[in-house]
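A note on names: the letters A, B, ... follow the listed sequences, proteins ahead of strands, and every chain is numbered from 1. Here the structure is a predicted model, which is why all the values come from computation and not from measurement.
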Amino acid sequence: MKPDLTVNFAGVCFKNPVTVASGTFGFGKEYSSFYDLSELGGICVKGLTEKGRDGNPPPRIAETPMGILNSVGFQNPGVDLFMETELPFLKRFDTRIIANISGNTVEEYRRMAEKLSDAVDILEVNISCPNIKSGGIAFGTSPESAAAVTHAVKQVSKIPVMVKLTPNVTDIASIAKACEDAGADALSLINTILGMKINIETGRPVLRNNTGGLSGPAVFPIAVRMVWQVCSAVKIPVMGMGGITTGEDAIEMFFAGASLISVGTANFGDPKAPLKIKKGIDDYLIRKNKPSLDCIRGRLETY
Amino acid sequence: MKPDLTVNFAGVCFKNPVTVASGTFGFGKEYSSFYDLSELGGICVKGLTEKGRDGNPPPRIAETPMGILNSVGFQNPGVDLFMETELPFLKRFDTRIIANISGNTVEEYRRMAEKLSDAVDILEVNISCPNIKSGGIAFGTSPESAAAVTHAVKQVSKIPVMVKLTPNVTDIASIAKACEDAGADALSLINTILGMKINIETGRPVLRNNTGGLSGPAVFPIAVRMVWQVCSAVKIPVMGMGGITTGEDAIEMFFAGASLISVGTANFGDPKAPLKIKKGIDDYLIRKNKPSLDCIRGRLETY
Amino acid sequence: MPFHLCCSITETENIAQDQFSIVFDSVKLADFVKAGQFLHIACGDALTLRRPISICDTDKSLVKVVFTVKGAGTRWLSLRKPGDMLDILGPLGNGFDMKGENLLLIGGGAGVPPLLLAARQAAALPQFESVTALLGFSDIGKAILLGDFAAACTSVEIATDDGSLGRHGFVTDLLKYRLNTKRFDQILACGPYNMLRIVSEIADEYDIPCQVSMEERMGCGIGACLTCSCKTKSAGKEKYSRVCADGPVFSSREVVWNEA
Amino acid sequence: MPFHLCCSITETENIAQDQFSIVFDSVKLADFVKAGQFLHIACGDALTLRRPISICDTDKSLVKVVFTVKGAGTRWLSLRKPGDMLDILGPLGNGFDMKGENLLLIGGGAGVPPLLLAARQAAALPQFESVTALLGFSDIGKAILLGDFAAACTSVEIATDDGSLGRHGFVTDLLKYRLNTKRFDQILACGPYNMLRIVSEIADEYDIPCQVSMEERMGCGIGACLTCSCKTKSAGKEKYSRVCADGPVFSSREVVWNEA
Ligand SMILES: Cc1cc2nc3c(=O)[nH]c(=O)nc-3n(C[C@H](O)[C@H](O)[C@H](O)COP(=O)(O)OP(=O)(O)OC[C@H]3O[C@@H](n4cnc5c(N)ncnc54)[C@H](O)[C@@H]3O)c2cc1C
Ligand SMILES: Cc1cc2nc3c(=O)[nH]c(=O)nc-3n(C[C@H](O)[C@H](O)[C@H](O)COP(=O)(O)OP(=O)(O)OC[C@H]3O[C@@H](n4cnc5c(N)ncnc54)[C@H](O)[C@@H]3O)c2cc1C
Ligand SMILES: Cc1cc2nc3c(=O)[nH]c(=O)nc-3n(C[C@H](O)[C@H](O)[C@H](O)COP(=O)(O)O)c2cc1C
Ligand SMILES: Cc1cc2nc3c(=O)[nH]c(=O)nc-3n(C[C@H](O)[C@H](O)[C@H](O)COP(=O)(O)O)c2cc1C
Ligand code: FES
Ligand code: FES
């Protein structure tokens, strides 16, 4: 019997739990030459800002042990151009579109949410990007400001609002709780962890932005811990990410409590990583004779 | 010309900047069968508590991508027995002894500091262990409590006090500053990052303690970033650690501002890792024609 | 005193389903090793921790290990070829203490290999009268080293979970039967936790000294990091011992067994 | 449309100090590749990112890459042996646009290999009258592919930093000299950033269209992650282009060059 991979996530039906993570998949076009994007549960598009942004100067990427640092800094065409030129292509596929938005002010978040709220399936409110000075992470590091952004977006959004949390905090559960209390329909985590790499030949940082966000397998155990902490603290569903590379990794995330997972850095190593992960999930459920993901989601039995 | 590797660290002279990290090197005996411990700049001994502790139930260790999780939980004989039975052996070597102490109350820290302050070269005040409920990390996550512990230990200590910081915080620089203001003579960082690994066959955490502390190469870019942030915020010297495995890693840490470095997890892969790292530092200085570590320490030229 | 060695592989073999043997050259190890001791083997650049593997046999300067592929480390090991080098710490741990005249070895699955060296070392000692081996496997496809044990022991009996070879059932059933028919001075046991717990109970029942080789996840492998704990008791006091340095072999009475 | 391929290595060679060539079999790549395009090659389990390497040559179904060992990735590549498999994305990027009748190729160090395929593909086009290659190396020990260039080009000139081969000095000195003596329709350049910047200045001075192949650190390699930016301008507006997808070959006038 084929396991049932569908997920009802904050009222939106996903055909399978595998999404691709914002910023690692562009607007889907490039990866569509490797496989049919309709195979994905959903696509979190490249982070959008209200006006287009050029992004940070290069180098923007560095490799670290089992991870990478990036400092792209929201190079994107802005919400309007996204809706005009990128979204129509994505709409051709039978998959959920999640728009990832970042603002410098609460007002900016609100305006972006208004524009996008008819156009996509879920809004992912990014309050966690470590790569730009204002906006992003500043909102994500205190429960109050996280709640303020959530509240503002919820006021105008007609679609579910998912808040993306930063791992660069002392107590992620309290921030998750604040977002839930402010009306968030779902949470996604983790964004990248602030890191640095130094070129010892030049005595300068490898990244032109000095620091960057760490992602990839290296952060996976931190991500699992945080997803578990957050799922233990809130009732709303969680999209888990951070270093997921294999089907087994995804299963760990489900045990920790995630309803959906998102694949980021792993796309760089293997363009078809999301499909292999999907197959890995399927294989696991078959092998363990579990009819659906409900049988494992949040079922971690702690000591 | 042989580069000068000596370091004056908070008034204590280290013959070279390579130390071994608390908890990974026991009380030195085991590694002394692989090389002469006098080759080391210093030894941070296994974390001590006032009374002996049994530690956490096993399993206590798990492997993650380029890292490990541990949840030893301060298995140690207690300060008195340490001084009686372990310290004499360590004293036979020409190297600096750093006693790592953890308490449940500020008073406990103070009493341990009193006992040890004649016996070793530096006190490393651990306010950052993620593996025991009370004590440790509870003190390390707020500037106020970090300052309180520092202040209490400083009042009684006749030797330099180095406070060991946790990376599990939103703003490590503010905690570093609070310790400096409270009189700390030096800082060490990073301790481990809280993580989790799940056994998907059993649906249970791999570690009996559910979570554990992540260390090893995976955390290195996070450690470098934090050492850099802390060194930019304080004037007291810093011992950098977290994933250092090669001489090149050590050089990155020096550029970021560390005066000493400490080698932890790398000992497990290669018992002689500290000596190879020392040689790597030496080779780098020779190749770059730098007479001493002063020529690179904190010399990172940011963009 | 453990060595840190770089040893050249002379032979590799896929001896059964998912099970491999590797023979490498190391006079130092071959000369010093005691049955029950283990090696801590680095398994490539991608893995942070070494893997503990028991010594299965020695022959002049050659050392043999036999292992089951479980995860990334043992998979890496299984891909080695003659001429490749292995980075090894060892010999580590205490090893079995050989006492008495009639020795009983009992092993299950991946716990079988170290008992071969125990059998050989015992057989070479003058005081031993008999060495009996009871070996358990899940099925005939997993059975290993049968010829070697037959050559080294006075008698060998096999049990398989599915009855495809030897007696149908657990090796611990063989044990009871054997103890009813013959007197042994010493039991040496290696295998899964539950098997060891039952062997330990039976040994108690028959009042025979029993040594068990315990497994635990390890960091340093040499006694420094305290990650490889096993709860033990002595003089009524419980504490955590280090499997790598205080063990892996413990007296079965010393071990504080978890509930089933 | 890039492919994701698993290709078998047929030949490896250490062609000069720290420089290696690998030949592998792939009809798909060999048939579709354009000079200046590159491959994104996975370099073992321990590295998260692939490594971009240009295609140096093709021969029926065979594809050749030539690379310099710089760090962990290229070191891993250098240890491959015939029969090993390579996990490859490609062909990637835009490649050189071949125009005009007299073509000048200028390459420095690790930038030399892709120009060989450019020379061969140009020579095969009917419109080309001459293909001139100017190649710079740090010293004679690093000089590579000289015979291949000699066979493919109308003329080849060499410069080395230390004068151990060809002209003593930078390859950009050769360029000036050449441009003074002959008219070229197109310059194709590949090499270190500073070399490309100077080539671009000289091309401007002589008003010759010039294409440069840029390098930047890459994530996806296919245009999705926006990590591989190069600042470019068009119609007076500056923006970040993607080296992997909009490049690696840019018109030298498009590139916004950093100060020296
Ligand atoms: C003293 C001792 C001797 C051993 N001798 C043998 C032997 O001769 N033959 C054999 O097949 N196996 C032996 N084992 C078990 C062997 O160490 C594990 O099967 C192996 O470590 C699994 O590694 P992996 O990478 O394949 O699996 P993974 O599950 O990927 O390993 C992940 C981590 O868990 C550890 N781990 C997993 N299972 C065990 C285990 N059972 N014991 C200790 N650590 C574990 C690994 O070392 C590694 O650190 C022995 C174990 C010990 C403690
Ligand atoms: C389009 C393109 C084509 C190239 N073609 C060739 C070629 O044909 N032959 C050749 O020898 N080299 C070529 N290079 C350079 C080659 O990619 C680097 O030398 C290589 O990535 C270094 O990897 P490493 O692991 O050895 O070094 P490390 O320094 O350990 O690499 C660390 C990280 O930095 C990246 N990196 C380091 N240097 C460069 C660089 N110069 N360009 C891009 N990324 C870099 C690596 O890809 C990796 O992600 C090309 C680069 C690009 C962008
Ligand atoms: C190159 C790159 C760009 C990213 N851009 C964004 C972004 O625009 N918005 C966002 O919310 N997260 C962004 N992220 C974070 C990822 O969506 C994801 O949270 C993180 O990388 C952890 O997952 P991973 O380890 O699977 O990559 C980016 C990550 C990378 C590597
Ligand atoms: C097994 C183990 C035990 C540790 N025990 C202690 C301890 O007792 N006290 C302490 O301050 N840090 C302890 N640490 C943290 C290390 O001292 C060090 O801060 C951390 O591991 C990061 O360095 P590394 O990546 O080089 O291991 C322990 C780490 C490990 C791996
Ligand atoms: S593995 Fe370190 S003490 Fe046993
Ligand atoms: S490497 Fe991802 S866009 Fe170029």
Q | Winner by heavy-atom pair count (cut-off under 4.5 Å) against chain D, out of A/Gly216, A/Gly55, A/Gly67, A/Gly28 | A |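 Counting heavy-atom pairs under 4.5 Å, the top option is A/Gly67.
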**Q.** Which of A/Pro217, A/Pro57, A/Pro59, A/Gly23 touches chain D most, by non-hydrogen pairs under 4.5 Å
**A.**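 Highest number of heavy-atom pairs under 4.5 Å: A/Pro57.
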Q: Answer with side chain, backbone, both or neither: which region of A/Phe25 has an atom nearer than 4.5 Å to a non-hydrogen atom of chain D?
A: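 For A/Phe25, the contact with chain D is made by the backbone alone.
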Side-chain ([X]) to main-chain ([Y]) donor-acceptor, under 3.5 angstrom:
{"X": "D/His168", "Y": "D/Thr160", "result": "no"}
{"X": "D/Gln19", "Y": "D/Val66", "result": "no"}
{"X": "D/Gln17", "Y": "D/Gly141", "result": "no"}

Distance-only donor-acceptor pairs under 3.5 Å across chain D and chain A:
residue  : atom : partner  : partner atom : Å
D/Thr48  : N    : A/Glu63  : OE2          : 3.1
D/Thr48  : OG1  : A/Gly67  : N            : 3.1
D/Leu49  : N    : A/Glu63  : OE2          : 2.8
D/Arg50  : NE   : A/Phe268 : O            : 3.4
D/Arg50  : NE   : A/Gly269 : O            : 3.0
D/Arg50  : NH2  : A/Gly269 : O            : 2.7
D/Arg51  : NH1  : A/Glu63  : OE1          : 3.3
D/Arg51  : NH1  : A/Glu63  : OE2          : 3.2
D/Arg51  : NH2  : A/Glu63  : OE1          : 2.6
D/Ala224 : O    : A/Gly26  : N            : 3.2
D/Leu226 : O    : A/Arg60  : NH1          : 2.7
D/Ser229 : OG   : A/Arg60  : NE           : 2.9
D/Ser229 : OG   : A/Arg60  : NH1          : 2.9
D/Ser229 : OG   : A/Arg60  : NH2          : 3.4
D/Tyr240 : O    : A/Gln75  : NE2          : 3.1
D/Arg242 : NH1  : A/Glu30  : OE2          : 3.2

Q.
With side chain to side chain contact (heavy atoms under 4.5 Å, CB included) as the criterion, how do A/Phe14 and A/Ile122 come out once you've worked through the C-alpha distance, each side chain's angles and the decisive distance to 0.1 Å?
A. CA-CA 11 Å; A/Phe14 282 73; A/Ile122 290 185; 3.8 Å; yes
Q.
Shorter than 4.5 Å, heavy atoms on both sides: which option in D/Gly73, D/Gly71, D/Ala46, D/Gly223 has the most such pairs with chain A?
A.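 Max contact count across the listed options: D/Gly223.
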Q) Which value, rounded to the nearest 0.5 Å, describes the distance between A/Cys44 atom SG and A/Met239 atom CE? A)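 Separation between the atoms: 4.0 Å.
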Q. Measuring heavy-atom distances to chain A, does D/Leu89 have an atom under 4.5 Å in its side chain, in its backbone, in both, or in neither?
A.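 The side chain, not the backbone.
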Q) Closest heavy-atom contact between A/Leu207 and A/Ala62? A)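 For A/Leu207 and A/Ala62, the tightest heavy-atom pair comes out as CD2-N, 3.9 Å.
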Q) Can you name the nearest heavy-atom pair linking D/Pro114 to D/Cys190, along with the distance? A)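 Distance-wise, the nearest heavy atoms are CG-SG, 3.7 Å.
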Q | Check against side chain to side chain contact (heavy atoms under 4.5 Å, CB included), A/Leu40 and A/Phe93 | A | CA-CA 9 Å; A/Leu40 294 171; A/Phe93 299 95; over 6 Å; no
